[in-house]
Amino acid sequence: MGMFERTASVFDDAMVLDEEYQPDKIRERDEELEQYRQALQPIIDNRPLSNIFVYGKTGTGKTVATRYMIDHLQEDAEHYDDVALSITWVGCENLSSSYQVAVALVNELRSSDHQISTTGHSQQAVFNMLYTELDKIGGTVLIVLDEIDNIGSDDDILYGLPRARANGYIEDARPLVIGISNDFQFKENLSPKVRDTLCEAEILFPPYDATELNSILYPRAEKAFYDDVLADDVVPLCSAFAAQDTGSARQALRLLYLAGKRVADNGETNVTGDHVRGAKEELHQSKVIEGMQKLTTQGHAVLLTLASHTANSETPVRTRDLYDRYKTVTEKIDADTIVERRVRAHLSDLTMLGLVTVHERNEGLNAGRYHEYELSVQLDSVLEVLSEEQRFDDIVEIVKQQVHGMDRT
DNA sequence: TTTCCACAGGAATTTTTGGAGA
DNA sequence: TCTCCAAAAATTCCTGTGGAAA
């Protein structure tokens with residue numbers, strides 16, 4: 001037997017639960033798909049085009065629905081000799097300006113041996129290249145800009161593209177922009193001139209509720225798992241948790257996958273509600289850890305101070321005492337010592353992130369009104385994250401010692 | 001009822017930082 | 001590399017606040 005063999009598993013085809021998986025039928029989005037169909041119809045009819053904007057939070061089906069629609073559109077367009085259609089898809093996750101989007105578009109349209117570099121051109125030069133490429137292709141060019149809200153208020157590309165034809169920069173092509181945005185506010189930040197051209201057709205994808213998530217999950221669960229390995233409450237629980245939190249199908253699918261993975265890893269044979277609860281906890285925990293890692297050095301320093309109090313069983317701590325120790329901590333790790341007001345702000349940030357909890361105390365004339373803080377996360381995981389920064393090493397070691405000292409007594 | 005502790009946290013302002021263009 | 005800009009962080013100054021004690 002080789003070193004690797006196929007793991008016995010509850011999964012028939014786990015890829016069905018993957019983010020990349022494109023279902024052959026979109027569920028619970030009938031209205032949105034119909035709006036989409038109407039917005040795209042002019043392409044087939046050779047009527048004037050209007051640009052399309054798609055809004056919705058992550059996991060509400062914007063991207064999947066767009067893929068689905070343009071697949072069908074492309075297929076159906078082939079039945080008409082006088083409809084020339086080409087599609088260009090650009091994900092703007094890492095593009096923060098119109099210039100960068102324009103470069104990405106040019107490179108997407110050009111063959112791999114005629115790519116341009118991301119620097120060194122003037123914005124106008126790149127736009128001209130883009131127009132030339134569009135004209136070469138000709139016909140209707142559908143340009144999908146996914147996560148377009150990344151470009152912020154720099155909207156030149158959104159202004160230029162839809163008007164290129166009217167302004168005489170291109171003659172043979174009809175560009176049509178589909179913008180996909182996670183941010184409802186994005187529209188507000190655009191300049192007015194862009195707003196009315198781009199937002200001619202708007203399609204809104206609201207968060208899913210638990211019932212809708214169920215209807216999305218069940219068919220997928222059926223394909224992903226072998227028969228009879230899922231307990232009855234598994235899918236409804238995934239849906240309920242995801243609906244309560246974000247209303248995201250991505251999250252619900254993730255929960256379902258993680259629950260199954262837990263079962264597979266343990267060599268068990270059936271997925272139960274408890275596995276889902278475990279998966280939910282796991283997902284939550286990884287979000288918390290991620291939140292901790294993203295903190296600034298000062299945030300880490302404040303957290304470390306509170307960790308130190310925790311290790312010595314001195315929690316909850318009032319702000320004043322915490323700040324005293326904070327000063328010695330920053331000295332040891334050779335970081336700046338910031339004023340108390342700012343430390344209070346950091347504490348309030350940590351509270352927002354769910355890393356610490358506050359208790360408001362009030363002892364009137366005796367001791368006035370103040371906050372007391374304690375960790376709401378495992379001390380171990382805090383120390384683990386903090387030790388990732390080398391300058392924290394020594395002092396994290398000391399805190400760990402203190403924890404062990406407690407164990408002995 | 002009034003007083004007043006001891007801090008919370010808002011607002012205005014200054015400093016630092018990080019990223020892009022010259 | 002330097003310069004510039006905007007955004008984030010920090011600082012400064014301040015007003016607001018709930019309830020125990022007077």
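The sequence lines fix the lettering, A, B, ..., with proteins before strands; numbering per chain opens at 1.
- Of the options A:L253, A:V276, A:N214, a side-chain contact (heavy atoms from CB on, under 4.5 Å) to A:C238 is made by A:V276 and by none of the others.
- Whole-Å rounding puts the A:L322 CG to B:dA6 P distance at 18 Å.
- Within 4.0 Å (heavy atoms only), A:S348 reaches no atom of the nucleic acid at all.
- We find that A:E34 and A:R37 are joined by a salt bridge, their nearest charged nitrogen and carboxylate oxygen being less than 4.0 Å apart.
- OP1 or OP2 of B:dA8 lies within a sub-4.0 Å distance of a side-chain N or O belonging to A:R344.
- Closest to the A:V339 side chain, of the nucleotides B:dA6, B:dA8, C:dT11, is C:dT11.
- Counting any heavy atom pair closer than 4.0 Å across all strands shown, A:R320 reaches sugar-phosphate atoms only and no base atom.
- Heavy-atom nearest nucleotides on DNA chain B were determined for A:Y373 and for A:G368, and the one closer to the 5' end corresponds to A:G368.
- Residue-to-nucleotide contacts include no donor-acceptor pair under 3.5 Å from the side chain of A:R342 to the base of C:dA9.
- Along DNA chain B, the nucleotide closest to A:H371 and the one closest to A:G364 are compared, and the more 5′ of them pairs with A:G364.
- For A:T296, counting side-chain heavy atoms from C-beta on, the closest listed nucleotide (B:dC5, B:dG21, C:dA9) is C:dA9.
- In this model, no side-chain donor or acceptor of A:R361 finds a partner on the base of C:dG18 within 3.5 Å.
- Atom CG of A:D324 is separated from atom P of B:dA6 by 15 Å (rounded to the nearest Å).
- Nearest nucleotide to the side chain of A:R341, out of C:dT11, B:dG10, B:dC7: B:dG10.
- Checked against the 6.0 Å centroid criterion, the rings of A:Y257 and A:F11 qualify as a close aromatic pair.
- The base of C:dG18 sits within donor-acceptor range of the side chain of A:N362, with an N or O pair under 3.5 Å.
- We find that CG of A:L365 is positioned 14 Å from P of C:dG19, with the value rounded to whole Å.
- One finds a salt bridge joining A:D265 and A:K261 here, because a Lys/Arg side-chain nitrogen approaches an Asp/Glu carboxylate oxygen to under 4.0 Å.
- Rounded to whole angstrom, the span from the CG atom of A:D336 across to the C1' atom of C:dT11 amounts to 13 Å.
- A:S308 and A:R325 share a donor-acceptor pair across their side chains, judged by distance under 3.5 Å alone.
- Put simply, CG on A:L295 is 12 Å from P on C:dA10, counting in whole angstrom units.
- Between A:N366 atom CG and B:dC7 atom P the separation is 13 Å, expressed in whole Å.
- Atom CD in A:E372 sits about 13 Å away from atom C1' in B:dC7, given to the nearest Å.
- Counting non-hydrogen atoms under 4.0 angstrom, A:H121 reaches nothing in the nucleic acid.
- Side chain to side chain, A:Q298 and A:H346 fail the donor-acceptor criterion of an N or O pair below 3.5 Å.
- Atom CD in A:E360 sits about 11 Å away from atom C1' in B:dG9, given to the nearest Å.
- Considering only the side chain of A:Q298, C:dA10 comes nearest among B:dC7, C:dG18, C:dA10.
- Taking 3.5 Å as the limit, the base of C:dG19 and the side chain of A:R369 contain no donor-acceptor pair of atoms between them.
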